[in-house]
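Comments concern the structure below.
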Amino acid sequence: MSPGHHGGCLCGLDPSVTYEGPRATIATLGGSPTWGLGDRFHELAAAQGHARLGVHRPRTPYGLGPQVEHYRTPSGRMFLRIPTYGQVLGEDPLLHASEWKTFWILWQAGVRILLVGGTSGSCDWRRSAGDEDAVRPGDLVLPCSYLPRDTMPTGLPGTELEFCLPRQVAIMDDPFCPALAGAIHEEARRVPGFRFRRIHGPEARAVLNRWLAGNGFESLATCRELELYGRLTGMPVITGDCVSPVLARVCGMHLGYYHVVANWGTGLEPDDPTITLDRLYVETLPRVAAALELALLDRLDEPAACRCRALLRPRPTEYARALSPPP
Ligand SMILES: [Zn+2]
C-alpha cells in the first residue's frame with residue numbers, strides 16, 4: 001500500500017492489488033427491495049434450492065471491499081451477491097469509495113449481467129384515483145432512462161478504465177438493458193402468491209432520478225421539480241437508489257434495474273410515507289424481491305438482443321493523442 005502514490009488520492013489507491021474473490025458472469029447488488037431480510041438472504045435462497053458456497057471479503061485497490069457471497073443455483077449456475085449496493089455499515093459510501101470497490105470486484109470477477117433493485121417514491125403528476133396509467137405505490141417500474149442527482153463515478157481509478165473517454169465513449173441510450181427489462185417483466189408476473197398492481201416496462205418511459213448513498217429522501221422542492229418535469233415531458237419520474245449506469249456500461253455490463261414504488265415523493269401527498277414504508281420493507285417486499293431475483297439469477301444468459309455493448313463506442317486514435325502523455 002502506498003498512500004499518495006497515485007496523484008495524492010485520498011483513498012490510498014494501490015493499483016497492484018489483485019483480485020482473489022470468486023468469479024461469475026452474473027451478480028446482484030440487492031438493494032432496498034431485499035433490505036428487510038437483513039443478513040438472511042441466504043436462508044431464503046437455501047429454501048429455494050440455492051447453495052451459498054462461500055462468503056468473501058476481497059481486497060481492492062481502494063481498500064477492503066464489501067462482502068461478496070458466492071452461490072450455486074438449483075440448475076448449477078454460479079452467481080455473486082454483494083449486499084446493498086456494496087455499502088458497509090458505518091462507512092460513508094462516497095468517502096470510502098464504495099462504488100469503485102464494488103465495480104472493481106464485479107469487473108475482475110467477470111460479471112456481464114448485473115441486477116440492481118431500488119425502491120422509493122413516485123413523482124408522477126397523475127395522482128387522482130382515476131389515473132390508471134400513473135406510476136403509483138405498489139407498482140413495479142423498469143425505467144427507460146435516468147437523471148443524475150450527483151456526479152457519478154464513471155471509471156475505475158488505477159486501472160485501464162480510469163479515464164477512457166478518449167478511447168471509448170459510453171452512449172447512454174438504454175442505460176438499463178431493455179432485454180433484461182423484458183426478462184424481469186416476465187419473471188415478475190410469475191412470482192408466486194403476489195401480484196404487483198401494475199408493471200411499467202420501458203415503453204412507459206419512466207425516468208429514474210438516480211441517487212445513491214444519501215442520508216435523506218428528496219426534498220419537497222425536488223419532488224415538485226420532478227413532478228413538473230414529468231408533466232412537461234410526458235415521462236414520469238421515480239426517485240431511488242441505483243449504481244452508476246455509466247460505470248456499468250464502461251465495465252462492459254448489462255445493467256438490469258427494477259424499482260418498486262413504495263410511496264409518493266415527499267410533499268406530493270399529505271401522508272407520512274415512513275410508516276407504511278417500514279412495513280412494506282420488512283413484511284411484504286423482501287420475499288417477493290428475493291424470489292424475483294433468485295428466479296432471474298438461475299436462468300439469465302448474457303443478452304444478445306440489446307445494444308449495451310455496442311453503445312460503448314471506440315473512438316479515433318487521434319483523440320487519445322490529443323491529451324498530454326502519461327508521466
Ligand atoms: Zn444489454
Side-chain angles (χ1 to χ4, degrees), residues 23-31 33 73 75 77-82 85-86 99 102-118 140-148 152-156 160-161 164-165 167-190 199-208 210 212 235 238 240-260 289 292-315:
R23 290 166 203 281
T25 56
I26 182 164
T28 172
L29 292 184
T73 72
S75 64
R77 294 169 176 234
M78 299 296 174
F79 75 85
L80 305 181
R81 177 174 186 269
I82 299 183
Y85 316 113
E99 220 168 339
T102 302
F103 270 90
W104 185 84
I105 289 170
L106 298 170
W107 178 54
Q108 291 288 316
V111 169
R112 302 294 279 263
I113 306 169
L114 181 60
L115 280 183
V116 180
L140 181 77
V141 187
L142 306 159
C144 73
S145 190
Y146 67 95
L147 288 166
M152 302 181 294
T154 60
L156 293 175
E160 69 201 58
L161 302 179
C164 49
L165 183 66
R167 288 185 285 108
Q168 52 184 13
V169 57
I171 307 291
M172 294 316 291
D173 282 357
D174 296 342
F176 309 113
C177 176
L180 290 182
I184 297 170
H185 191 150
E186 198 180 295
E187 207 59 60
R189 280 195 305 236
R190 288 205 286 252
I199 301 175
H200 305 268
E203 69 289 345
R205 311 288 293 159
V207 171
L208 173 71
R210 184 269 183 197
L212 189 65
M235 297 163 81
I238 50 172
D241 295 304
C242 184
V243 293
S244 165
V246 177
L247 191 48
R249 180 142 297 166
V250 163
C251 290
M253 297 167 196
H254 305 257
L255 176 58
Y257 180 79
Y258 70 94
H259 180 103
V260 183
L292 172 64
E293 289 197 7
L294 288 165
L296 289 163
L297 291 161
D298 195 26
R299 77 164 176 98
L300 287 180
D301 292 315
E302 183 173 354
C306 66
R307 298 185 298 153
C308 298
R309 308 271 302 173
L311 288 170
L312 186 60
R313 234 164 249 169
R315 316 188 87 183

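Worth saying up front: this structure is predicted, and the values here are computed from it rather than measured. For ligands, and for the atoms within them, numbers begin at 1 and follow the listed sequence. Every heavy atom of this structure was used, including side-chain atoms; hydrogens, water molecules and symmetry mates were not.
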For Y146 and M152, what are the C-alpha separation, side-chain angles and deciding distance, and is it a side-chain contact (heavy atoms from CB on, under 4.5 Å)?
-> CA-CA 12 Å; Y146 67 95; M152 302 181 294; 3.8 Å; yes
Quick one: list whatever passes side-chain contact (heavy atoms from CB on, under 4.5 Å) with A204, sequence neighbours left out.
-> H200
For the atom pair CG (L292) and CG (L115), what is the distance rounded to the nearest 0.5 Å?
-> 8.0 Å
In sequence, state the C-alpha distance, the side-chain angles, and the governing distance for I184 and L142, and then conclude on side-chain contact (heavy atoms from CB on, under 4.5 Å).
-> CA-CA 8 Å; I184 297 170; L142 306 159; 3.7 Å; yes
Please assess L255 against R249 for the test side-chain contact (heavy atoms from CB on, under 4.5 Å), listing each intermediate value before the final yes or no.
-> CA-CA 8 Å; L255 176 58; R249 180 142 297 166; over 6 Å; no
Salt-bridge present (R167, E160; N to O < 4.0 Å) | no
Could you tally the protein N/O/S atoms lying less than 2.8 Å away from the Zn ion (ligand 1)?
-> 4
